[in-house]
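Proteins come first, then strands; the chains are lettered A, B, ... in the order of their sequence lines, and each starts at number 1. What you see is a predicted model; the values in this text were computed from it and never measured.
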Protein chains: 2
Amino acid sequence: MPSHLFGLIGLCLTCPYKQHCFCKNLLNRSSTEIESSPIKNVALLAKQYLYRQGDMNEALFILREGWIMLTRHSEDGKRHVFRSILPGELIGFQNQLRGPTTYSAIALINSIVCRISNIVDLFSIRPELGLCLASALACDMKLTEMYLYNIAHRSAQERLAFMLLELHHRLSLRGLNNGYSFKFPLNQEDIADTLGLTVVHINRSLQAFKEEGLLQINKRELFILNYTAISSLAGTDFKIFPPL
Amino acid sequence: MPSHLFGLIGLCLTCPYKQHCFCKNLLNRSSTEIESSPIKNVALLAKQYLYRQGDMNEALFILREGWIMLTRHSEDGKRHVFRSILPGELIGFQNQLRGPTTYSAIALINSIVCRISNIVDLFSIRPELGLCLASALACDMKLTEMYLYNIAHRSAQERLAFMLLELHHRLSLRGLNNGYSFKFPLNQEDIADTLGLTVVHINRSLQAFKEEGLLQINKRELFILNYTAISSLAGTDFKIFPPL
DNA sequence: TTAAAAAATTAACTTAGATTAATTTTTTAA
DNA sequence: TTAAAAAATTAATCTAAGTTAATTTTTTAA
């Protein structure tokens with residue numbers, strides 16, 4: 001058994017997301033396959049880009065630890081935040097497998113990413129991975145559709161409530177919450193750019209929530225103080241089934 | 001060769017989308033596979049639902065002819081239109097392969113849909129289909145992200161211009177335009193619910209476009225009279241690469 | 001052919017959120 | 001430790017789009 005195989009298995013054995021459909025599938029394979037699709041861990045510092053809009057990318061990434069945000073800058077200088085990527089989630093797949101990326105991926109806090117390169121070969125060796133990928137994409141799609149709906153049809157406070165509970169829910173699925181509180185590395189501009197609102201208005205809405213005792217933010221930690229009240233603003237439909 | 005095989009091949013041979021990655025893959029297969037995953041054409045009348053939000057669905061559909069709209073009704077009665085499905089596009093895949101659908105699919109004009117049932121078995125027999133599916137989903141995702149960006153950050157006229165050129169572009173890829181004009185079965189409420197605006201405001205915006213000579217609508221056909229002007233409102237970024 | 005229903009149009013008025021701009025607080029890095 | 005930069009806060013003012021409601025036009029179906 002070649003030495004790099006030990007390295008790979010060690011890397012994955014300590015990974016909390018080794019049960020991910022994608023990873024399970026990769027873990028039982030021969031060494032020749034490993035040659036053609038190396039897996040590496042990549043450490044990112046806070047505010048460091050994994051890739052930038054326009055970069056060429058033909059790798060897939062799974063976030064192992066940390067918090068990544070997908071952002072897009074438009075010609076006129078506005079920034080949109082597509083979504084927050086939480087540990088265990090997969091990014092980097094695009095329709096054009098080898099084309100330029102249409103958004104940037106930036107780490108908000110120190111993060112560790114698992115990089116799976118040479119995916120074109122990988123899919124031909126392991127075609128079952130296609131369905132894993134499709135399942136993960138279908139989850140991302142559902143999430144994006146929920147944001148689309150909220151941004152298109154609901155008020156600032158409703159959008160904000162939706163976003164906070166949606167994040168709390170996704171973090172809970174991974175055990176990354178602390179009851180009703182969780183580490184929250186986004187600043188008010190990040191929230192604004194996710195929800196299509198201005199920083200000023202996000203600030204007003206957060207103030208209103210704090211004054212009514214719905215939540216509290218302290219040292220990058222968010223405390224949901226009145227889940228029921230926030231929930232009635234958010235609507236019931238913010239829960240997503242995890243992928244295969 | 002069993003008779004239903006002739007039927008299937010006849011069905012697909014006349015289909016303009018038989019080059020779709022998904023279809024190409026299905027077309028060379030043994031008759032036992034056909035037993036386990038039947039393909040049928042389904043005709044829909046205008047305003048008929050293919051499926052309704054909440055229905056159980058475990059089939060995939062490819063639109064062969066017509067125009068389908070994906071809509072979601074929320075608890076509070078508002079309707080959102082996720083997107084228009086154009087011929088050659090695939091719908092029906094969800095993360096929970098056998099779960100209830102989270103939106104409805106309704107035909108706006110008489111349509112023909114190709115129904116591929118029993119997809120769970122199909123993917124185990126033909127795992128390569130997974131990547132076809134992932135590629136199609138990645139396209140849908142890009143489209144949805146473009147709408148998300150436009151709705152979150154841009155004015156009513158900009159959103160409208162984006163939507164019209166985006167549709168024109170997708171139709172052109174399929175040769176379903178007529179130069180700068182195309183069949184346009186959406187009413188003003190459909191546009192409003194796609195863009196997160198009110199009918200009244202869509203009407204105002206359309207009037208403005210017509211008065212400035214940018215476009216014209218006649219008997220469900222839309223004529224782009226000044227592509228350059230609409231394009232400068234829409235932004236340059238409305239083009240999508242088709243899937244594999 | 002015609003009555004009823006659906007869709008489009010228009011105007012008057014309201015409002016949620018944007019804009020601008022200044023101030024305070026917190027974080028960062030030298 | 002401290003100066004500089006970044007982020008949060010607040011207030012005053014503005015405006016794009018929403019709301020309501022009535023009218024006209026088009027489509028549908030009997």
Side-chain angles (χ1 to χ4, degrees), chain A residues 45-48 69 76-81 106-110 150-164 183-212 215-222 233, chain B residues 45-48 69 76-81 106-110 150-164 183-212 215-222 233:
Chain A
L45 294 176
K47 301 195 178 173
Q48 195 180 338
M69 222 170 51
D76 54 5
K78 281 176 281 188
R79 183 186 75 153
H80 182 73
V81 173
I106 184 172
L108 289 191
I109 54 179
N110 295 347
N150 275 275
I151 290 173
H153 294 283
R154 310 187 71 221
S155 74
Q157 291 202 8
E158 290 169 333
R159 290 184 219 183
L160 183 56
F162 159 75
M163 178 176 173
L164 299 180
K183 280 275 159 221
F184 187 70
L186 303 178
N187 65 27
Q188 296 186 3
E189 200 170 343
D190 296 331
I191 303 176
D193 290 347
T194 307
L195 294 178
L197 295 162
T198 55
V199 207
V200 175
H201 203 67
I202 287 296
N203 188 275
R204 282 194 281 255
S205 308
L206 278 174
Q207 293 303 321
F209 280 8
K210 286 174 191 166
E211 271 160 32
E212 292 169 46
L215 60 77
Q216 199 183 312
I217 299 177
N218 225 314
K219 300 229 174 211
R220 303 278 144 187
E221 179 152 11
L222 191 142
L233 280 168
Chain B
L45 294 175
K47 301 197 178 173
Q48 195 180 339
M69 223 170 52
D76 54 5
K78 280 176 281 189
R79 183 185 76 152
H80 183 72
V81 174
I106 183 172
L108 289 191
I109 55 178
N110 295 348
N150 274 276
I151 290 174
H153 294 284
R154 309 187 72 222
S155 74
Q157 291 202 9
E158 288 168 334
R159 291 184 219 184
L160 183 57
F162 159 74
M163 178 176 172
L164 299 180
K183 279 275 161 221
F184 187 71
L186 303 178
N187 66 27
Q188 296 185 4
E189 199 170 342
D190 297 331
I191 304 177
D193 290 348
T194 307
L195 295 178
L197 295 162
T198 57
V199 208
V200 175
H201 203 67
I202 287 297
N203 188 275
R204 282 194 282 251
S205 308
L206 278 174
Q207 292 304 321
F209 280 7
K210 286 174 192 166
E211 272 160 31
E212 293 169 47
L215 60 79
Q216 200 183 312
I217 300 178
N218 226 314
K219 301 230 175 209
R220 303 277 142 187
E221 179 153 11
L222 191 143
L233 279 168

task: Find the distance between CG (N150(B)) and CG (L195(B)) and round it off to the nearest 0.5 Å.
output: 8.5 Å

message: Side chains of L160(B) and L164(B), heavy atoms from C-beta outward: is any pair under 4.5 Å?
response: yes

- prompt: Taking only residues two or more places apart in sequence or in another chain, which ones pass side chain to side chain donor-acceptor pair (under 3.5 Å) with D76(B)?
  reply: S74(B), K78(B)

query: End-to-end bend of the helix from dT1(C)-dA30(D) to dA30(C)-dT1(D) (five-pair axes, 10° rounding)?
result: 60°

message: Under the rule for salt bridge (Lys or Arg N to Asp or Glu O under 4.0 Å), what residues qualify as partners of R154(A), not counting sequence neighbours?
response: E158(A)

- line: In whole angstroms, the gap separating P of dA7(C) from CG of L186(B) amounts to 12 Å

message: Among residues 195-207 of chain B, which ones have heavy-atom contacts with DNA chain D below 4.0 Å?
response: G196(B), L197(B), T198(B), V200(B), H201(B), R204(B)

statement: Sorted by chain and number, sequence neighbours left out, side chain to side chain donor-acceptor pair (under 3.5 Å) with R220(A) holds for none

- prompt: How many Å lie between CG on L108(A) and C1' on dA7(D), as a whole number?
  reply: 14 Å

- request: Using side chain to side chain donor-acceptor pair (under 3.5 Å) as the criterion, list what pairs up with Q157(B), not counting sequence neighbours.
  value: none

- prompt: Is the side chain of N110(A) donor-acceptor paired with the backbone N or O of A46(A) at a distance under 3.5 Å, no angle test?
  reply: yes

Ring pair (Phe, Tyr, Trp, His ring centres under 6.0 Å) against H80(B), all qualifying residues, sequence neighbours excluded: H153(A), F82(B)

field: N187(B) CG to dT9(C) P, straight-line distance once rounded to whole Å
entry: 11 Å

message: Check this one for me: any side-chain N or O of K210(B) less than 4.0 Å away from OP1 or OP2 of dT9(C)?
response: yes

task: State which residues pass side chain to side chain donor-acceptor pair (under 3.5 Å) with E212(A); sequence neighbours excluded, sorted by chain then number.
output: none

- prompt: Taking NZ from K78(B) and P from dG18(D), how many angstroms apart are they, rounded to a whole number?
  reply: 12 Å

query: Are L215(A) and K210(A) close enough that some pair of their side-chain heavy atoms sits under 4.5 Å apart?
result: yes

message: Please enumerate all residues that pass side chain to side chain contact (heavy atoms under 4.5 Å, CB included) together with D190(B), with sequence neighbours excluded.
response: M69(B), R79(B), L108(B), L186(B), N187(B)

field: Interatomic distance, E189(A) CD vs dA7(D) P [rounded to whole Å]
entry: 7 Å

query: For DNA chain D, what residues of residues 151-161 of chain A have any heavy atom nearer than 4.0 Å?
result: none

field: By ring pair (Phe, Tyr, Trp, His ring centres under 6.0 Å) - contacts of F209(B) (at least two apart)
entry: none

Table of protein N/O atoms under 3.5 Å from nucleotides 25-30 of chain C N/O atoms:
none

